[in-house]
Visitor: 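Structure incoming, see below.
Note: hydrogens, waters and symmetry copies are ignored here, and every other heavy atom, side chains too, is used. Quick note on labels: first sequence line is chain A, next is B, and so on, each numbered from 1. Quantities reported herein were computed from a predicted structural model and do not represent experimental measurements.
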Amino acid sequence: MPLSSIPSNIRILQIPLNFLKQNSLIFTQIKMFTSSTSLASISPAHFTPPSQQTLLVTHLETCKSMDHLKQIHSQTIKTGLFTNPSVQNKLIAFCCTHENGNMDYACQVFDKIPQPTVFAWNTMIKGYSRIDLHRNGVLMYLDMLNSDVKPDHYTFPFLLKGFSRDVALKFGKELHCHVVKFGFGSNVFVQNALINVYSLCGEIDVAQGIFDMSCKEDAVTWNAMFSGYNRMKRYEDTRKLFGEMELKGLLSTSVTFVLVLSACAKLKDLDVGKRVHRYVKECNIEPNLILENALIDMYAACGEMDVALEIFGMMKNRDVISWTGIVSGFLNRGQVDLAREFFDDMPIKDYVSWTAMIDGYLRVNRFKEALTLFREMQTSNIRPDEFTMVSILSACAHLGALELGEWIKTYIDKYKVKNDTFVGNALIDMYCKCGNVEKARSIFREILRKDKFTWTAMIVGLAINGHGQEALDMFSEMLRASITPDEVTYVGVLCACTHTGMVDEGRKYFSGMTSQHSIEPNVTHYGCMVDLLGRAGRLKEALEVIKNMPMKPNSIVWGALLGACRVHKDAEMAEMAVKQILELDPDNGAVYVLLCNIYAACNRLDNLREVRQLMLDRGIKKTPGCSLIEMNGVVHEFVAGDQSHPETGEIYLKLEKMTSDLKFVGYLPDTSEVFLDIGEEEKESAVYRHSEKLAMAFGLINSEPGATIRIVKNLRMCVDCHRVAKLVSKVYDREVIVRDKTRFHHFRDGSCSCKDYW
DNA sequence: GGAAGGCGTA
């Protein structure tokens with residue numbers, strides 16, 4: 001071998017002495033031959049010096065680092081041993097498979113081998129798959145075929161191991177043909193690898209075909225199938241197949257248990273889960289972290305936190321997954337604060353644990369805490385992933401926090417967070433619920449793979465923002481795209497009809513649900529119909545719908561009728577609706593308030609006093625009106641008469657100025673809905689301090705001229721605030737967007753998108 | 001003549 005072909009970082013002749021000392025075998029040899037003992041005195045009968053080859057091989061076997069390997073490599077070149085295929089293979093094997101190995105160096109060594117054996121090729125392929133460079137592995141395999149070397153039964157498991165989805169899709173089928181062509185189709189190792197490749201491609205039926213053809217005597221074959229079913233979320237199939245495995249009496253491995261437990265967790269099947277736990281105990285399987293985590297996960301998913309905690313407590317080692325399992329278990333049961341205690345105790349938190357906790361707050365509607373935790377996550381320098389993004393976007397949607405939502409969108413683009421359909425759908429929802437329909441539309445257009453949820457989010461979003469016709473057009477387009485609507489889509493469709501007063505269209509769609517898509521209307525859909533008819537003033541027809549619906553009307557359905565009674569000032573029917581609601585939901589404070597509004601509007605003051613007394617007697621409290629406004633990424637909260645804000649002085653000054661400006665253009669306070677038994681002046685002062693007015697004043701102070709003011713209100717907007725917002729939009733040339741409990745009001749140039757119909 | 005395949009958490 002010419003010297004020029006030796007890698008330059010090897011110093012052949014300069015092996016340092018300390019290296020020789022550390023590596024005692026060579027050192028002993030050198031000592032022997034250089035010590036004072038004369039060679040002649042060593043009798044060959046007593047001592048046969050090991051051959052150089054044996055020594056080097058021994059060294060290769062104890063080699064720990066690339067530096068060491070390079071020294072050995074240089075020795076093999078110096079002594080001429082490199083030409084020995086066994087030595088070549090061992091050098092390559094170290095570089096390819098040792099934890100400190102190096103594939104670049106493996107290539108350099110490999111390139112010096114004139115005619116590599118199939119073993120050497122296999123080792124190289126294995127090396128690439130170990131470091132997830134599967135494409136290089138495939139290229140290596142093709143090189144091998146070009147060099148007229150035939151694969152053996154080791155080649156394919158190495159090659160196919162750990163393929164990513166895209167590599168599997170690209171090469172899987174073709175390599176399967178090679179397997180068959182070279183006659184390894186019935187090798188169980190190859191079959192296991194192929195099952196895995198096909199399940200990665202989503203071709204679970206082909207995987208199952210291979211499984212059915214296999215001898216089914218190797219637990220790993222079964223495990224590969226379980227893993228495939230779990231990946232496709234076909235947990236029932238995992239459970240069913242495990243039943244067959246039990247019948248067959250085949251010995252499970254700990255991986256079998258992990259996979260089956262994972263399926264049980266998803267299915268919330270405590271029975272099978274417990275059975276697996278019993279097997280684990282009976283089989284005397286060494287407790288291992290992954291298995292214990294799977295047990296915790298299964299018990300936590302089934303709500304059995306006592307058992308989960310017991311396992312958690314007995315564990316020798318716990319990792320972030322064990323802790324996250326416990327935290328999620330409590331979150332599933334709605335015990336958010338308990339979950340938070342465990343979360344705070346975690347020695348290490350990763351993005352999964354942070355996201356789980358954030359999502360936990362979300363599920364119990366504690367949105368502000370979710371956002372606070374997200375900020376903490378960022379100060380801890382933990383990178384959020386697409387799941388975190390979906391959770392945070394959903395919090396933004398609930399709070400109407402557009403600025404933060406926009407920031408998340410920028411973050412996704414900047415840091416290349418996986419922008420999948422889930423994220424896109426969450427963005428649409430966020431933009432719509434923050435009142436920015438234009439941005440929602442553009443996200444909608446960008447989503448390549450629109451699913452049912454994408455369309456539904458857009459339809460519902462358009463409907464609540466008052467773009468009823470566009471929502472219905474979108475629904476037609478959805479049907480043309482052959483996407484099947486579900487019951488939520490229809491809620492959006494009916495809502496679109498309601499908010500634009502399209503009664504006949506509403507009826508048509510309602511009957512189309514069953515006739516065209518076999519979706520039986522649920523109580524929400526009947527509620528929509530009552531709302532639709534009621535708002536259009538057809539109160540009697542609305543009542544007929546309630547009387548004829550096939551299920552028991554809930555308080556929301558009666559509430560829809562009550563809302564219509566308010567708009568159309570029908571106190572008699574309102575009394576009836578209230579009676580029904582209070583039977584179903586006796587502590588519903590909002591109902592008393594609405595009835596008071598109606599009595600006040602109809603000027604039935606005696607009735608009004610009675611209801612107010614009833615509220616006092618029963619200790620019913622009015623839900624305090626609360627408005628949110630986001631400014632510079634911070635959500636500010638105002639309740640009626642609020643004086644807790646740091647800028648409260650300025651806010652009230654602005655409010656005074658605002659009111660006098662508006663009075664100048666003809667504003668008269670509308671106190672018709674105030675039901676407090678107080679003088680007219682006090683009524684004015686009561687509506688004057690409504691939370692949305694405070695938020696509007698705050699918004700006017702803190703934003704640039706011309707900037708849109710966005711407010712989220714927890715209750716229905718009152719008539720007076722609605723009038724004020726219209727005037728503010730005109731007098732100050734501002735767009736004001738208020739999201740109330742059920743819909744959006746886009747105020748522009750003195751009028752509202754709801755056309756005063758809400 | 002030497003080497004091998006499967007797993008868990010939002």
Side-chain angles (χ1 to χ4, degrees), chain A residues 57 60-61 84-94 96-97 117-127 129-130 152-163 184 187-197 199-200 207 211 214 218-228 230-231 238 252-266 288-298 300-301 308 318-329 331-332 339 343 349-360 362-363 384-391 422:
Chain A
V57 167
L60 272 168
E61 275 159 8
N84 183 316
S86 171
V87 171
Q88 294 164 348
N89 290 342
K90 283 205 157 58
L91 283 167
I92 293 175
F94 180 90
C96 290
T97 55
T117 59
V118 67
F119 180 88
W121 287 101
N122 286 351
T123 309
M124 288 299 287
I125 291 169
K126 179 184 175 190
S129 111
R130 194 179 71 89
D152 64 8
H153 61 286
Y154 288 104
T155 311
F156 292 104
F158 285 149
L159 185 58
L160 303 173
K161 184 191 175 183
F163 264 12
F184 299 112
N187 177 287
V188 66
F189 291 101
V190 178
Q191 288 172 334
N192 295 345
L194 280 172
I195 290 176
N196 203 34
V197 165
S199 85
L200 262 178
F211 175 81
S214 75
D218 180 11
V220 178
T221 316
W222 294 75
N223 292 351
M225 235 18 250
F226 296 143
S227 165
N230 284 0
R231 183 178 289 127
T238 294
S252 300
T253 68
S254 92
V255 175
T256 316
F257 295 139
V258 169
L259 291 164
V260 176
L261 284 168
S262 167
C264 291
K266 296 291 190 305
N288 86 43
L289 183 64
I290 297 176
L291 183 52
E292 285 169 319
N293 286 349
L295 280 165
I296 289 181
D297 182 49
M298 183 277 293
R318 300 177 191 106
D319 66 359
V320 64
I321 295 172
S322 336
W323 283 91
T324 306
I326 295 294
V327 169
S328 312
L331 292 175
N332 283 336
F343 178 79
K349 305 180 182 82
D350 67 359
Y351 66 98
V352 179
S353 16
W354 282 96
T355 306
M357 194 64 226
I358 289 172
D359 194 56
L362 216 62
R363 282 190 276 165
D385 72 344
E386 69 272 20
F387 286 87
T388 327
M389 294 300 156
V390 170
S391 287
F422 289 96

Visitor: Output the rounded distance in Å from CG (A/Leu160) to P (B/dA4).
Guide: 16 Å

Visitor: Report yes if a side-chain nitrogen or oxygen of A/Ser262 is closer than 4.0 Å to either non-bridging phosphate oxygen (OP1 or OP2) of B/dT9; otherwise report no.
Guide: yes

Visitor: Can a side chain N or O of A/Lys266 be found less than 4.0 Å away from OP1 or OP2 on B/dT9?
Guide: yes

Visitor: Just checking A/Asp350: base, sugar-phosphate only, or nothing, at a heavy-atom cut-off of under 4.0 Å?
Guide: nothing

Visitor: I want to verify a distance call: between B/dA10, B/dA3, B/dG1, whose nearest atom is closest to the A/Ser86 side chain?
Guide: B/dG1

Visitor: Looking only at the side chain of A/Val255 (C-beta and beyond, no hydrogens), which of the listed nucleotides B/dA10, B/dA4, B/dG6 gets closest?
Guide: B/dG6

Visitor: Any base atoms under 4.0 Å from A/Tyr351, or only sugar-phosphate, or nothing? Heavy atoms, all strands.
Guide: base

Visitor: Pick base, sugar-phosphate or nothing for A/Asp359, based on heavy-atom distances below 4.0 Å to the nucleic acid.
Guide: nothing

Visitor: Hey, does A/Lys126 reach any base, or is it just sugar-phosphate, or nothing, if we go heavy atoms under 4.0 Å?
Guide: sugar-phosphate

Visitor: Considering only B/dG8, B/dA3, B/dA10, which nucleotide approaches the side chain of A/Ile290 most closely?
Guide: B/dG8

Visitor: Please work out which of the three classes, parallel, tilted or perpendicular, describes the rings of A/Phe158 and A/Tyr154, given edges at 30° and 60°.
Guide: parallel

Visitor: Could you state the atom-to-atom distance from CH2 of A/Trp121 to C1' of B/dA4 in whole Å?
Guide: 20 Å

Visitor: Would you kindly give the CE-to-P distance between A/Met357 and B/dA10, to the nearest whole Å?
Guide: 15 Å

Visitor: Could you tell me whether A/Thr123 contacts a base, only the sugar-phosphate backbone, or nothing, with contacts defined as non-hydrogen atoms closer than 4.0 Å?
Guide: nothing

Visitor: Stacking between A/Phe387 and the base of B/dA10 (centre distance under 5.5 Å, interplanar angle under 30°)?
Guide: yes

Visitor: Between A/Gln191 and A/Thr221, is any pair of side-chain heavy atoms under 4.5 Å apart?
Guide: no

Visitor: Flag the pair A/Lys90 / A/Glu61 as yes when at least one side-chain heavy-atom distance between them is below 4.5 Å, and no otherwise.
Guide: yes

Visitor: Can you classify the ring geometry of A/Phe211 versus A/Trp222 as parallel (below 30°), tilted (30 to 60°) or perpendicular (above 60°)?
Guide: perpendicular

Visitor: Nearest whole Å is fine: how far is B/dA4 P from A/Arg130 CZ?
Guide: 13 Å

Visitor: Picking from B/dG1, B/dG8, B/dA10, which would you name as closest to the side chain of A/Ile321?
Guide: B/dG8

Visitor: Would you call A/Leu362 and A/Ile358 a side-chain contact if the rule is heavy atoms closer than 4.5 Å?
Guide: no

Visitor: Check every strand shown and say whether A/Asn230 touches a base, only sugar-phosphate, or nothing at a heavy-atom separation below 4.0 Å.
Guide: nothing

Visitor: So does A/Thr221 reach the base of B/dG6 with its side chain, donor to acceptor, closer than 3.5 Å?
Guide: no

Visitor: Rounded to the nearest Å, what distance is computed from the CG atom of residue A/Asp319 to the P atom of nucleotide B/dG8?
Guide: 14 Å

Visitor: Nearest-Å distance, CZ (A/Phe226) to P (B/dG8)?
Guide: 13 Å

Visitor: When you compare the side chain of A/Asn196 with that of A/Arg231, does any pair of heavy atoms fall below 4.5 Å?
Guide: yes

Visitor: Tell me which nucleotide among B/dG6, B/dA3, B/dG8 gets nearest to the side chain of A/Asn293.
Guide: B/dG8

Visitor: Of the listed nucleotides (B/dG8, B/dT9, B/dG6), which one gets closest to any side-chain atom of A/Val220?
Guide: B/dG6

Visitor: If I take atom CG in residue A/Leu331 and atom P in nucleotide B/dA10, what distance separates them, rounded to the nearest angstrom?
Guide: 11 Å

Visitor: If you check every side-chain atom of A/Val258, which of B/dA3, B/dT9, B/dG8 has the closest atom?
Guide: B/dG8

Visitor: Stacking between B/dA4 and A/Tyr154, yes or no? Criterion: centroid separation under 5.5 angstrom, plane angle under 30 degrees.
Guide: no

Visitor: Distance check: side-chain N/O of A/Lys161 vs OP1/OP2 of B/dA4, anything under 4.0 Å?
Guide: no

Visitor: Check whether any side-chain nitrogen or oxygen of A/Ser227 sits under 4.0 Å from OP1 or OP2 of B/dG6, and answer yes or no.
Guide: no

Visitor: What's the CD1-C1' distance between A/Ile125 and B/dA3, to the nearest Å?
Guide: 13 Å

Visitor: Between B/dG1, B/dC7, B/dA10, which one does the side chain of A/Arg231 approach most closely?
Guide: B/dC7

Visitor: Donor-acceptor pair, A/Arg318 side chain versus A/Trp323 backbone, under 3.5 Å?
Guide: no

